[in-house]
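A quick note: this is a predicted structure, and the numbers were derived from the prediction, not measured. Below, chain A is the first sequence line, B the second, and so on; all start at residue 1.
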Amino acid sequence: MKIYSLLADKISKTFNSQKIFKNVSFNAFVGNSIAITGSNGSGKSTLLKILLKYIHPSKGDVKYFCDNKEIESQIIYQNISFVAPYFNLYEEFTALENIELAIKLKSKYISNDLINDELNRFSLFNHSKKEVGHYSSGMKQRLKYCIANILKSDFIFIDEPTSNLDDEGKKIVFDFLKEIQSTSCLIYATNEKDELQFANEIVDLSLLNLN
Amino acid sequence: MSYSNIIFLKDVKSEFRTRVSFNTQLLFTITTLSIILFAVGNESISIPTTISFYWIVSIFAAMSGLSRVFVKEEERGTFLFLFQLASSQSVFIGKLLFNAIFTILVNFFILILFSLFIDTFSANLFFILVMILGSIGIASVSTIVAAIISKVNSSTTLYTVLSFPILIPLLMTLIQASQLSIEGAFFSEMRGHFSFMIGYNISLILISLYLITYLWSE
Amino acid sequence: MDFFAQNQMYIVLSITLAIWIGVIFYLFKIEKKLNNLEKRN
Amino acid sequence: MRIIKYTTIFLITIQIVLGISFPLVAKPEHFWQFPIVIGLEEKIRNVIFHVPTAWTATIAFTMSLVYGFLYLQKKDFNYELKSIASAELGFLFCILATVTGAIWAKFNWGSFWNWDPRQTSIFILLMIYSAYFVLRSSISEKVKRARISSVYSILAGVTVPFFIFILPRITSGLHPGSKGDTEGAGPIVQFKMAPNMLTLFFIGLIGFTLLYFWIFNLRYRLLVLENKNESEE
């Protein structure tokens with residue numbers, strides 16, 4: 001079993017000379033999940049996107065390690081899954097087609113009944129043939145979790161885990177978070193107090209915030 | 001390499017489902033061609049003019065259809081989903097394949113329309129070869145500029161302003177080569193044009209593969 | 001009037017030189033301003 | 001920097017004084033006399049300004065391309081400032097080259113603009129870099145603007161050699177040095193000029209290149225200052 005870890009080293013981000021946060025450092029690994037908290041606009045989502053290497057940090061850098069060997073940022077996408085309310089799946093495809101696309105691109109081979117179990121777990125089984133465009137926002141969010149769980153990526157990033165979810169959805173996601181906390185390196189952003197239970201280390205951006 | 005085929009097939013499937021840009025391009029060619037036919041009336045036009053009409057229709061159809069290939073991902077918010085699934089190069093090659101085949105199909109459609117409606121126009125093998133090389137070139141320029149545009153979130157007019165200067169070398173050679181091919185030139189006369197177009201396409205694709213990695217993240 | 005006929009060339013020369021000297025002074029002025037600005041911070 | 005300044009002044013002043021004042025004589029004996037070139041006569045003096053500006057424009061654009069590439073590799077913002085400074089200068093010299101070229105065309109071929117291959121190349125160069133500046137102005141965030149404009153300058157840079165070296169050769173045109181023009185004097189001069197004219201020609205080239213480096217240095221230092229207090233606010 002390879003040990004994966006992520007090192008954030010003094011990351012700071014300024015946007016056109018307006019400082020968002022400074023010197024964020026932590027080391028995330030399997031079993032040491034990180035929660036990023038802070039008031040709205042303190043840059044939680046920006047920090048998450050920097051960790052994903054989707055946004056360049058102004059200072060400091062993000063390094064991924066597999067058995068203490070740095071992973072080149074060109075191929076880091078293979079080990080990452082990201083769940084957030086502000087991106088969409090392919091709405092003209094059905095749930096199965098979206099899942100199939102993700103599986104093929106990550107060259108993973110997963111049997112159909114395992115997929116059906118996962119869909120069942122996230123209570124999407126009887127909608128799996130419908131186009132994602134007709135899904136409610138809660139169902140779309142659950143489908144993103146379902147894809148992340150099927151791929152079993154080593155790094156899982158989540159922005160506002162329980163957004164657009166009803167109580168039943170929250171329960172499913174809480175079980176999911178508890179389960180993956182021990183299997184993959186979890187980093188998530190939230191400001192709901194009851195979600196902090198899944199983190200071993202909390203990074204509070206409001207303290208580091210300057211403005 | 002197979003990842004880009006998956007991306008290509010995904011784009012083809014989503015194009016079949018929505019059929020948005022395919023219809024706009026076909027309608028575009030029909031309207032532009034009908035305007036030309038009204039203007040020409042029934043007197044026969046010389047070969048250079050038919051060639052210039054052909055490439056005007058083809059370029060502007062490409063300009064209107066191909067610029068959306070990356071912007072669509074940004075607008076519909078699916079970019080972050082794609083970002084976590086594939087590398088910038090495989091997505092670029094996938095989109096490039098889609099654009100190239102898409103342009104070739106549209107150009108064949110224009111070819112048929114032109115041979116039906118304009119009698120002086122008779123496409124031969126060399127012309128089709130020129131057209132295919134030209135479509136690959138147009139597609140490669142459009143794909144990399146579409147990637148730039150998708151990051152700048154501004155109107156598609158910027159797309160035309162950015163891609164036109166880069167297309168000019170290809171356009172000049174295309175017009176000369178297609179003129180020669182229609183007039184029935186031998187291969188030896190057109191070898192210079194073919195080698196230029198092949199060289200131009202290869203260097204553009206290689207440069208774009210290097211540049212796309214810098215366009216991938218914010 | 002034949003003064004202009006023979007040596008038009010020197011008129012052109014003097015105008016060009018005038019423009020060129022103007023450019024040089026302009027550049028030196030900018031350089032001086034830049035040096036002060038750089039000394040200040 | 002000091003040597004560059006004074007050599008520039010020295011070289012270009014010589015070029016202007018000698019280039020304009022040397023008389024044109026049918027059979028030159030002394031070194032300070034130019035041979036008359038049939039069909040050009042006095043208009044040959046345009047070589048003092050037109051060719052050096054075109055030459056400096058190419059250097060400036062290539063330098064801008066190189067700095068853009070370095071910025072992408074090294075992520076050091078100073079390279080980006082050098083790339084902008086060089087692109088602006090390139091644009092200025094390109095306009096100068098177009099204007100002097102048009103004046104030359106007016107007297108040599110009767111009209112200011114007649115789509116001679118070399119004129120189309122300069123025009124397209126202007127279009128490329130106006131697209132570059134339009135692109136720059138449509139992005140607000142400093143670092144993103146730097147990255148995307150460097151990407152575009154490299155992408156457009158690939159086509160520039162085509163215009164300068166291939167296009168004039170494959171299409172016939174009126175410009176000296178294009179296909180079918182025997183006596184030839186394009187950017188790649190066939191050195192049919194008299195030796196003294198030739199030395200003056202090179203003095204001009206070196207002088208203008210040094211002038212470019214001098215103004216570039218000033219512009220770069222200005223941009224650095226601008227960038228510094230912009231990020232201090």
*Atom OG in B/Ser87, atom CD1 in A/Ile76: separation rounded to 0.5 Å?*
12.5 Å
*Please say whether more than 12 non-hydrogen atoms of neighbouring residues, nucleotides or ligands are located less than 6.0 Å from NZ in A/Lys108.*
yes
*Between A/Ile147 and chain B, which part of the residue has a heavy atom less than 4.5 Å away: side chain, backbone, both or neither?*
side chain
_A/Glu92 with B/Arg76: basic N within carboxylate O range, under 4.0 Å_ = yes
*asked:* Does this structure show an ion pair linking A/Glu97 with B/Arg17, if we count only N-O contacts that are shorter than 4.0 Å?
replied: yes
*Could you check B/Gln84 against A/Leu52 for side-chain contact (heavy atoms from CB on, under 4.5 Å), going step by step and ending with a plain yes or no?*
CA-CA 8 Å; B/Gln84 64 181 301; A/Leu52 276 164; 5.6 Å; no
*Kindly give the heavy-atom pair with the smallest separation between A/Leu101 and B/Phe81, and that separation in Å.*
CD2-CE2, 4.4 Å
*asked:* If I take atom OG1 from residue B/Thr78 and atom CG from residue A/Asn88, how far apart are they, to the nearest 0.5 angstrom?
replied: 7.5 Å
*Which heavy atom in A/His56 sits nearest to a heavy atom in B/Ser217, and how many Å separate them?*
NE2-OG, 3.2 Å
*Could you state the interatomic distance from CD (B/Glu218) to OG1 (A/Thr46), rounded to the nearest 0.5 Å?*
11.0 Å
*What residue, out of B/Thr18, B/Leu82, B/Leu85, has the most heavy-atom pairs lying under 4.5 Å from chain A?*
B/Leu85
*Output the option from A/Glu131, A/Glu91, A/Lys53, A/Gln78 having the highest count of non-hydrogen pairs under 4.5 Å with chain B.*
A/Lys53
_Audit row: B/Leu80, A/Tyr54, side-chain contact (heavy atoms from CB on, under 4.5 Å) steps and yes/no_ = CA-CA 8 Å; B/Leu80 272 171; A/Tyr54 176 62; 4.0 Å; yes
*Counting only heavy atoms not in A/Lys59, do more than 12 fall under 6.0 Å of its NZ?*
no
*Nearest-0.5 Å distance that lies between atom OG in B/Ser88 and atom OH in A/Tyr77*: 9.5 Å
_Minimum heavy-atom distance between B/Tyr3 and A/Ser107, given as atom pair plus value_ = OH-OG, 3.1 Å
*Test item: side-chain donor near acceptor, B/Lys10 and A/Tyr90, under 3.5 Å*: yes
